[in-house]
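Right, one structure below, let's go through it.
Numbering starts at 1 and runs along the sequence shown.
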Amino acid sequence: LGRIQHLLAAVPALRTPLLEEVDRFARLVSMAVGVLAVAALAVGILGHGIPLGEMFLIAVAMAVAAIPEGLPAILSITLAVGVRRMAGRRAIIRRLPAVDTLGAVDVICSDKTGTLTCNEMMIADLVLPDGRAVVVEGEGYAPMGRMTVDGAAPDAPTQARIQALARCGLLCSDARLDHRDGAWMPVGDAIEAALVSLALKTGLTTDTEHKDLPRADAIPFESEHRFMATLHRDHRGGAVVYLKGAPEVVLARCHDVDPTWTARVDQLGGRGRRVLGLAAKRLDTLPGELTFADVATGFDLLGLVGAIDPPRSEARAAIAECHAAGIRVAMITGDHAITARAIAADLGLRADRALTGSDLDSLDAAALHREVSTCEVFARVSPEHKLRIVEAFQSDGRTIAMTGDGVNDAPALKRAHIGVAMGRKGTEVAKEAADMVLTDDDFSSIVAAVREGRTVYENLRKSILFIMPTSVGEALVLLAALIVGIATPLTPVQILWVNLVTAVTLALALAFEPGERDLMRRPPRSSRSRLLDRHFLWRIGVVSALMCAGTFAVFLVEQGRGSDLATARTAAVNMLVAFETIYLFNTRSVHGPALGANRPPPNPWAWASVAAIATLQALYTYLPLSQAWFGTAPIDVVAWTTILGLSVLLFLIVEAEKAFTRRHRRSAP
């Protein structure tokens with residue numbers, strides 16, 4: 001426990017890519033707003049001789065217009081919507097920014113047992129001390145099923161050897177089987193429960209065996225020594241020590257073991273079996289306690305057991321989806337390397353080789369970095385090994401998700417960008433160190449969460465792409481009016497109205513956007529990617545200029561028609577809101593078309609927000625109380641026709657820009 005705590009304390013907390021990007025974005029916006037305000041002050045005071053006090057208020061209005069006040073709330077709501085969706089996919093997020101980080105994952109380091117496999121162990125093969133192979137039939141943990149040797153029932157001597165092997169597995173374990181609601185349920189470790197089932201199949205009974213050979217002491221299983229040993233008192237006053245563990249560890253402690261046993265282990269492992277060695281040693285007297293010296297040598301080999309844990313059918317499809325999405329999957333297990341490779345191949349992973357814990361010990365950081373770039377199977381690993389594997393992947397700039405369930409997994413879970421703990425079999429320590437908990441321990445739930453993470457990130461970008469042109473456009477309208485030297489088309493309170501109603505209606509609808517159809521056919525985004533890339537800045541600039549020009553044009557047209565200042569400003573506000581409303585449908589897909597067969601999936605929230613904004617703008621324009629508060633006035637059909645016509649024009653221009661960008665991206669080398 002102290003060693004694990006030391007590893008946890010030494011692991012630094014990682015900032016998520018989203019938090020770093022938001023900080024960078026906030027600095028960029030702050031500097032831009034500051035420059036704009038200073039420029040406005042200079043133009044007003046030096047160019048038009050406006051008094052400092054009056055010009056200061058205009059500069060503040062520009063800052064209010066340029067700063068996207070609703071963006072922090074939209075970001076939080078978008079993340080919260082992602083959390084809710086992931087919970088529906090059986091993935092519980094413990095830290096809100098982790099939602100976005102999932103969308104950037106390009107390597108998933110997954111535990112095997114229970115995550116990629118069903119964790120429903122059954123002993124299917126035995127190898128007895130004389131080398132004879134026994135086939136065990138049955139289904140799951142049910143203690144029913146016959147045993148055959150060369151297709152026939154075992155004779156009496158063979159049956160005795162089978163029972164000796166099964167007795168060791170029964171007594172050298174801490175699991176049990178419960179029969180509930182017509183099904184046999186394991187309590188404890190899955191492989192130990194399978195050994196209990198094997199013992200019952202051979203005719204042994206749990207109560208009788210524990211009564212005849214009561215346990216006096218034990219050395220519990222630890223990943224460092226990879227075995228468990230128990231001390232039992234027999235009825236003659238002597239004792240017997242049972243040993244169960246990794247076959248290479250058990251074979252090394254047995255006498256009269258020839259090299260052919262290594263080949264038998266490899267044969268079982270090559271068939272995807274999880275292999276355990278079992279052995280026993282009799283003592284003339286019962287020692288006071290069981291020490292490591294007592295289990296160092298002198299054992300009689302009882303045989304090998306091969307357990308099957310079938311891969312989850314959904315895990316194969318999930319891994320295939322990961323590969324299509326450009327995400328690597330690495331399987332990390334404590335199993336024998338040959339067993340790990342066989343299961344990895346069945347799951348669709350690259351299984352030409354496996355790195356073991358001893359291999360990792362012989363590699364320095366640079367060599368390990370090179371090895372993990374091509375290896376997807378890691379076997380016989382310890383907590384330190386898992387931590388080194390994660391750090392090796394991260395040294396290449398990759399975003400890592402790591403799964404685990406035990407106390408030993410906690411350091412690697414904390415070090416990974418996304419630590420994923422198992423909800424069913426996971427320890428509280430693992431859950432506390434993790435960012436996400438799977439309630440079903442299923443690998444496919446991780447893939448579903450990655451899809452939701454990508455959706456969240458796309459929706460965050462869409463929100464920025466939607467909100468920023470509005471803010472910049474408002475500021476440009478005020479700046480243009482200041483430069484020209486006319487009354488501002490928007491008052492500060494009207495700017496606040498526009499920002500408020502569009503944020504709680506139109507911008508909020510983007511938080512509920514479903515994932516685009518090709519989302520999991522795109523490669524993961526780079527950890528060095530920016531929320532605002534060159535294309536985004538170009539789009540924001542173009543749309544901001546169009547919004548500014550359209551709003552300013554409607555204001556001037558209304559004044560040219562003889563309308564008073566209040567009517568012209570009301571038309572300008574409605575023009576700006578109409579631009580935003582139609583631009584919402586442009587923004588639902590950053591690059592794809594808004595109409596046609598490849599349009600985004602339906603989003604009822606978008607239409608609901610349009611209905612809400614139309615109602616609010618009607619009240620803003622025609623309600624007497626609103627006219628008193630905001631200084632508005634009714635506008636006529638001609639003004640509405642101009643507003644609708646310019647809105648459609650904006651929609652078509654943005655769609656044309658998107659089509660040009662798509663052709664350019666396809667033709668780019």
Given 3.5 Å as the limit, does a donor-acceptor pair link the side chain of [X] with the main chain of [Y], or not?
| X | Y | value |
| --- | --- | --- |
| Asp440 | Asp442 | yes |
| Arg274 | Thr339 | no |
| Arg328 | Cys375 | yes |
| Glu376 | Arg350 | yes |
| Lys112 | Thr333 | no |
| Arg167 | Ala199 | no |
| Thr399 | Asp106 | no |
| Arg253 | Val295 | yes |
| Asp396 | Phe393 | no |
| Asp309 | Met121 | no |

In sequence, state the C-alpha distance, the side-chain angles, and the governing distance for His417 and Thr101, and then conclude on side chain to side chain donor-acceptor pair (under 3.5 Å).
-> CA-CA 7 Å; His417 295 95; Thr101 310; over 6 Å; no

Where [X] and [Y] come nearest, the two heavy atoms and their spacing:
| X | Y | value |
| --- | --- | --- |
| Leu231 | Pro287 | CD2-CG, 3.8 Å |
| Ala344 | Ala351 | CB-CB, 4.1 Å |
| Gly270 | Ile338 | N-CG2, 3.1 Å |
| Val249 | His225 | CG1-O, 3.7 Å |
| Leu116 | Ala315 | O-CB, 3.7 Å |

Is it the case that atom [atom1] in [X] sees more than 12 heavy atoms from other parts of the structure closer than 6.0 Å?
| X | atom1 | answer |
| --- | --- | --- |
| Arg353 | CZ | yes |
| Arg233 | CZ | no |
| Arg90 | CZ | no |
| Gln163 | CD | yes |
| Asp284 | CG | no |
| Arg146 | CZ | no |

Salt-bridge criterion met for [X] and [Y] (N-O under 4.0 Å):
| X | Y | answer |
| --- | --- | --- |
| Lys431 | Glu428 | yes |
| Asp111 | Lys386 | no |
| Glu432 | Arg94 | yes |
| Arg380 | Asp359 | no |

Without hydrogens or angle criteria, can the side chains of His385 and Asp361 be said to hold a donor-acceptor pair below 3.5 Å?
->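 Asp361 and His385 do have a side-chain donor-acceptor pair below 3.5 Å.
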
Can you find a side-chain donor-acceptor pair between Arg132 and Thr158 that sits under 3.5 Å?
->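 Checked: Arg132/Thr158 side chains pair up, N/O donor to acceptor below 3.5 Å.
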
Start with the C-alpha gap between Ser444 and Arg312, add the side-chain angles, then the distance that decides, and say whether side chain to side chain donor-acceptor pair (under 3.5 Å) holds.
-> CA-CA 9 Å; Ser444 63; Arg312 291 178 181 264; over 6 Å; no

Among all residues two or more places apart in sequence or in another chain, which pass the salt bridge (charged side-chain N to carboxylate O under 4.0 Å, His left out) test with Asp155?
->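 Checked Asp155 against salt bridge (charged side-chain N to carboxylate O under 4.0 Å, His left out); zero matches.
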
Kindly write out the residues that satisfy salt bridge (charged side-chain N to carboxylate O under 4.0 Å, His left out) with Asp441, not counting sequence neighbours, or none if the list is empty.
->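 Counting only residues at least two positions away or on another chain, Asp441 forms no salt bridge (charged side-chain N to carboxylate O under 4.0 Å, His left out).
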
Do [X] and [Y] come within less than 4.5 Å of each other through their side chains, counting heavy atoms only?
| X | Y | result |
| --- | --- | --- |
| Val134 | Pro154 | no |
| Ile191 | Ile123 | yes |
| Val265 | Leu251 | yes |

